[in-house]
Amino acid sequence: MMNIFNDFRQEVLAALEALQAAEPRLKGCELQAVTLEAPREASHGDFATNAAMVLSKQAGMKPREIADLLSAALQRDSRIEKVEVAGPGFINLKLTADYWRKTLSEILAEGERYGASGIGAGVRVNIEYVSANPTGPMHVGHTRGAVFGDTLANLMQRAGYSVCREYYINDAGGQVDVLAQSAYLRYREALGEQIGEIPEGLYPGDYLVPVGQQLKSEHGDTLRGMAEAAWLPIVRDSALKAMMALIREDLAALGIRHDEFYSERVLHQSGAIEKTLDFLEAQGLIYIGVLEPPKGKTPDDWEPRPQTLFRATQFGDDVDRALKKSDGSWTYFAPDIAYHFEKFQRGYAQMIDVFGADHGGYVKRMTAAVAAVTGGRGALDVKICQLVRLLRNGEQVKMSKRSGNFVTLREVVDEVGRDAVRFMMLYRKNDAPLDFDFAKVTEQSKDNPVFYVQYAHARICSVLRNAREVFPDADAAEAGGADLSPLTDEAELALIRLMAAWPRMVEAAAQMHEPHRIAFYAHDLASEFHALWNRGNENPELRFIVSGRKDVTLARLALIRAIKQVIASALEILGVEALQEMR
RNA sequence: GUGCCCGUAGCUCAGCUGGAUAGAGCACAAGCCUUCUAAGCUUGGGGUCGCAGGUUCGAAUCCUGCCGGGCACGCCA
């Protein structure tokens with residue numbers, strides 16, 4: 001798996017090690033901080049290393065002195081055309097055009113695998129996302145986290161991690177009883193009763209109507225005579241099953257699938273919660289105590305009360321956290337600790353939870369719990385997805401949860417399409433709020449980044465089709481590996497450089513858990529391609545297909561084929577289709 | 001009151017886990033279509049990176065304190 005940044009960094013390190021043998025002052029210097037990166041300014045060359053500046057202090061040498069030694073050594077590499085020392089001590093490397101052309105053929109040779117990385121080393125990672133309450137269809141608020149989690153999973157898989165995509169079903173709390181009661185009402189309705197207005201506190205959505213009808217066809221009117229304690233479990237299980245089916249359909253509409261659906265109810269029944277708390281208890285991390293009231297804003301019904309607490313403060317949280325409600329049942333937190341403990345025992349030392357913005361206050365206690373339960377050997381990274389603001393004609397779409405009048409995920413996907421939803425949800429960093437404008441995301445123009453990127457891919461496909469007309473044997477000739485020497489234009493080489501950065505982009509995005517970088521990269525690459533295309537408008541010599549010049553054409557086709565491949569690769573991570581044609 | 005996140009061009013936001021003269025899109029101004037799909041491209045103006053200190057060769061990036069905005073704040077999930 002190629003990654004030229006790694007290759008050349010190794011080159012620099014090797015040169016430094018050789019120098020260490022010859023130059024006593026460099027001996028024993030830590031090389032960890034030596035980096036190799038692409039300078040912002042193109043005139044500074046292809047790569048720059050900070051080695052001289054970083055080592056200067058340790059070695060007690062002037063940066064310039066180290067830089068001169070190092071650049072002399074690097075000069076001997078035939079791939080490097082020019083080495084120069086600049087600024088405060090940067091060593092700038094310019095690679096030969098030949099090397100870049102060779103890089104292009106390697107990119108093509110790697111094909112779809114290009115950009116994949118082994119950096120994850122097969123490490124098992126568990127990513128929990130969506131985990132919407134199974135009380136109804138998904139609404140837009142869930143969309144961002146769903147897309148984020150799914151794309152992060154794609155990304156980390158591409159980077160060599162062994163990923164489990166997990167959904168935590170909150171099927172044990174009070175809201176599923178409410179769900180059951182709401183479904184029971186629909187059941188009575190199905191039996192012909194007049195139920196009137198759905199009472200306050202129950203779920204009014206008509207998605208429960210089919211559940212009521214199914215209960216009727218399965219149970220006739222037998223449930224009607226039962227006491228609530230008897231029918232509730234039956235209705236609840238049935239409704240839960242229906243809601244999860246609904247949610248899976250919604251997820252499928254977005255191209256999202258999970259490997260594992262983990263039931264909170266099962267956690268309760270298995271005794272895992274007690275076991276986890278025993279485990280913590282044995283370490284003295286659980287005690288009975290009374291919490292201080294929250295400062296500033298005391299709840300009306302506050303009264304000091306002894307409760308079962310977890311010593312979250314020992315792991316960086318602000319206060320110790322309650323595990324039991326006053327009625328003796330578990331808080332949400334207790335099973336969640338057990339759940340993460342269980343994930344760890346399943347072999348996932350790396351865990352990622354994708355939460356909505358309103359769960360920000362939950363992060364510290366959860367990471368504290370993971371630290372406690374894994375003895376510091378497991379790590380939890382919580383990614384918070386900020387709110388999505390829906391806009392229609394520039395005006396915010398108002399949603400009211402109470403009336404059940406919220407915009408569902410399905411409505412959005414049906415209106416603008418899966419690709420647009422997915423791309424737009426990722427075209428912003430997860431912790432920044434996001435505006436989603438219906439008009440904009442369906443617009444077919446460069447203002448719409450989804451279309452902009454897809455269009456670049458489609459345009460390339462179009463050129464390749466046209467090329468077959470002009471040179472019927474183009475594919476065959478190219479399959480053997482086109483002669484790339486006609487690629488001499490600076491813009492063409494710049495595109496190769498950008499593609500050369502792709503594997504590094506994947507690695508960085510995966511390690512940082514930041515899938516939005518892939519969307520931005522795809523947009524950048526598309527942009528460079530469109531620019532190159534347009535030069536052919538002004539000067540026909542610079543078109544990809546030059547009818548009299550087969551050699552030039554084949555070389556350029558190789559270039560755009562590589563661009564197509566990398567765009568497709570990025571879109572695949574994003575879960576967006578790479579279109580062949582957009583007419 | 002406390003914690004977390006955010007503050008970068010008129011607007012919406014990137015900024016490669018500390019690098020050189022801080023970028024893109026929108027908007028504004030001026031250009032490019034007998035086309036490989038103009039669904040695109042080129043050029044231009046526009047900035048005390050919220051403020052003040054600190055860390056170091058070097059800070060939009062890291063630390064501290066303020067200012068401003070969002071979210072959360074014993075038993076909901």
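A note on names: the letters A, B, ... follow the listed sequences, proteins ahead of strands, and every chain is numbered from 1.
- Considering only side-chain atoms of A:Glu514, the nucleotide from B:rA72, B:rG15, B:rC36 that sits closest is B:rG15.
- Backbone-only engagement by A:Gly173 is indicated by non-hydrogen atom pairs under 4.0 Å involving sugar-phosphate atoms exclusively.
- As judged by a 4.0 angstrom heavy-atom cut-off over every strand, A:Ala458 is placed among the base-contacting residues.
- Nearest nucleotide to the side chain of A:Lys57, out of B:rC36, B:rC75, B:rC57: B:rC57.
- For A:Phe423 and A:Phe451, the distance between ring centers is not under 6.0 angstrom.
- Among the nucleotides B:rC36, B:rA20, B:rG19, the one closest to any side-chain atom of A:Ala48 is B:rA20.
- Looking at A:Phe310 and A:Leu277, their side chains never come closer than 4.5 Å, going by heavy atoms from C-beta outward.
- Distance noted for atom P between B:rU2 and B:rA77: 29 Å (whole Å).
- B:rU8 and B:rG15: their C1' atoms are spaced 9 Å apart (whole Å).
- As a whole-Å value, the separation of A:Arg265 CZ from B:rA77 C1' is 15 Å.
- Here, B:rG68 and B:rU43 have their C1' atoms 37 Å apart, quoted to the whole Å.
- Checking the phosphate oxygens (OP1, OP2) of B:rA20, a side-chain nitrogen or oxygen of A:Arg40 falls inside 4.0 Å.
- Across all strands shown, B:rG7 forms a Watson-Crick or G-U wobble pair with B:rC67, both key distances being under 3.5 Å.
- Looking at heavy atoms from C-beta onward, A:Thr313 lies out of side-chain contact with A:Phe315 at the 4.5 angstrom threshold.
- Residue-level contact check: A:Gly89 touches neither bases nor backbone, having no heavy atom under 4.0 Å from any strand.
- Checked against the 6.0 Å centroid threshold, A:His530 and A:Tyr455 count as a close aromatic pair.
- Contact annotation for A:Glu528: no contact, since no heavy-atom pair falls under 4.0 Å across all strands.
- A:Asn50 comes within 4.0 angstrom of a base, heavy atoms only.
- Using a 4.0 Å cut-off, no side-chain N or O of A:His530 falls inside it from OP1 or OP2 of B:rA24.
- Out of B:rC5, B:rC13, B:rU37, the shortest distance to the side chain of A:Asp431 is found at B:rC5.
- Put simply, CZ on A:Arg428 is 20 Å from P on B:rC5, counting in whole angstrom units.
- We find that CZ of A:Arg389 is positioned 19 Å from P of B:rC6, with the value rounded to whole Å.
- Annotated as anti: B:rC32, whose O4'-C1'-N torsion sits more than 90° from 0.
- Summarising the base pairing, B:rA20 is matched to no nucleotide, lacking a Watson-Crick or G-U wobble pair whose two defining distances lie under 3.5 Å.
- At the phosphate of B:rA20, neither OP1 nor OP2 sits under 4.0 Å from any side-chain N or O atom of A:Asn92.
- Of all nucleotides present, only B:rG44 satisfies the Watson-Crick or G-U wobble test against B:rC28, with each distance under 3.5 Å.
- One finds no salt bridge joining A:Arg497 and A:Glu492 here, because no Lys/Arg side-chain nitrogen approaches an Asp/Glu carboxylate oxygen to under 4.0 Å.
- Taking only distance into account, the side chain of A:Asp318 never meets the base of B:rA72 through a donor-acceptor pair shorter than 3.5 Å.
- Picking from B:rC75, B:rA20, B:rG19 the nucleotide with the shortest atom distance to the side chain of A:Lys325 gives B:rC75.
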Test log, rule side-chain hydrogen bond (donor to acceptor under 3.5 Å, both in side chains), inputs A:Asp327 and A:Ser329: CA-CA 6 Å; A:Asp327 67 359; A:Ser329 65; 2.7 Å; yes
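- Closest to the A:Arg305 side chain, of the nucleotides B:rC75, B:rA39, B:rC16, is B:rC75.
- Between B:rU12 and B:rG69, the distance separating the two P atoms is 16 Å to the nearest Å.
- Taking atom CD of residue A:Glu41 and atom C1' of nucleotide B:rG19, one finds them 14 Å apart after rounding to whole Å.
- Counting to the nearest Å, the C1' atom of B:rA14 and the CD1 atom of A:Ile518 are 14 Å from each other.
- A salt bridge is defined here as a Lys NZ or Arg NE, NH1 or NH2 lying under 4.0 Å from an Asp or Glu carboxylate O, and A:Arg389 with A:Asp435 meets this definition.
- Between B:rG15, B:rA77, B:rG19, one nucleotide has an atom nearer to the side chain of A:Asn170 than all others, and that is B:rA77.
- With C1' as the reference atom, B:rC67 and B:rG44 are 36 Å apart, rounded to whole Å.
- Per the geometry, CG belonging to A:Asp320 stands 15 Å off C1' belonging to B:rU2, to the nearest Å.
- Side-chain contact between A:Glu128 and A:Tyr167 is absent, with no heavy-atom pair separated by less than 4.5 Å.
- Pairing of B:rU56, defined by two Watson-Crick or G-U wobble distances under 3.5 Å, is not identified with any nucleotide.
- Comparing the C1' positions of B:rG19 and B:rC49 gives an interatomic distance of 16 Å, to the nearest angstrom.
- Salt bridge annotation for A:Arg535-A:Glu538: absent, with no cationic side-chain nitrogen under 4.0 angstrom from a carboxylate oxygen.
- Here, B:rG53 and B:rU17 have their C1' atoms 25 Å apart, quoted to the whole Å.
- The residue A:Val54 sits close to a base: some heavy atom pair falls under 4.0 Å.
- Between the P atom of B:rC41 and the NE2 atom of A:His523 lies a distance of 8 Å, rounded to the nearest Å.
- Comparing B:rG19, B:rC76, B:rC36 by their closest approach to the side chain of A:Thr331 singles out B:rC76.
- Which of B:rC36, B:rA39, B:rA20 sits closest to the side chain of A:Met582 comes down to B:rA39.
- Pairing for B:rG1 goes to B:rC73, judged as Watson-Crick or G-U wobble with the two contacts each under 3.5 Å.
- When heavy atoms are screened at a 4.0 angstrom cut-off, A:Ser326 is found touching base atoms of the nucleic acid.
- The shortest non-hydrogen separation linking A:Gly115 to A:Arg158 is O-CG, 4.3 Å.
- When the side-chain nitrogen and oxygen atoms of A:Ser462 are compared with OP1 and OP2 of B:rC36, none of them lie within a distance under 4.0 Å.
- Judged by distance alone, with hydrogens and angles left aside, A:His359 brings a side-chain donor or acceptor within reach of the base of B:rA77, the pair sitting under 3.5 Å.
- No contact: A:Gln511 has no heavy atom under 4.0 Å from any strand.
- A gap of 25 Å separates the C1' atoms of B:rC5 and B:rG10, to the nearest Å.
- Put simply, A:Tyr452 has a side-chain N or O that comes within less than 4.0 Å of OP1 or OP2 on B:rC41.
- Taking the side chain of A:Lys364 as heavy atoms from C-beta on, and the options B:rA20, B:rC36, B:rG3, the nearest nucleotide is B:rG3.
- Note on A:Pro540: nothing from the nucleic acid sits closer than 4.0 angstrom, heavy atoms only.
- A:Asn537 has its CG atom 13 Å from the P atom of B:rC32, to the nearest Å.
- Contacts of A:Arg517 with the nucleic acid, taken as non-hydrogen atoms under 4.0 Å apart, involve only primed sugar atoms and P, OP1 or OP2.
- For the OP1/OP2 pair of B:rC26 and a distance below 4.0 Å, the side-chain nitrogens and oxygens of A:Lys440 include no atom meeting the criterion.
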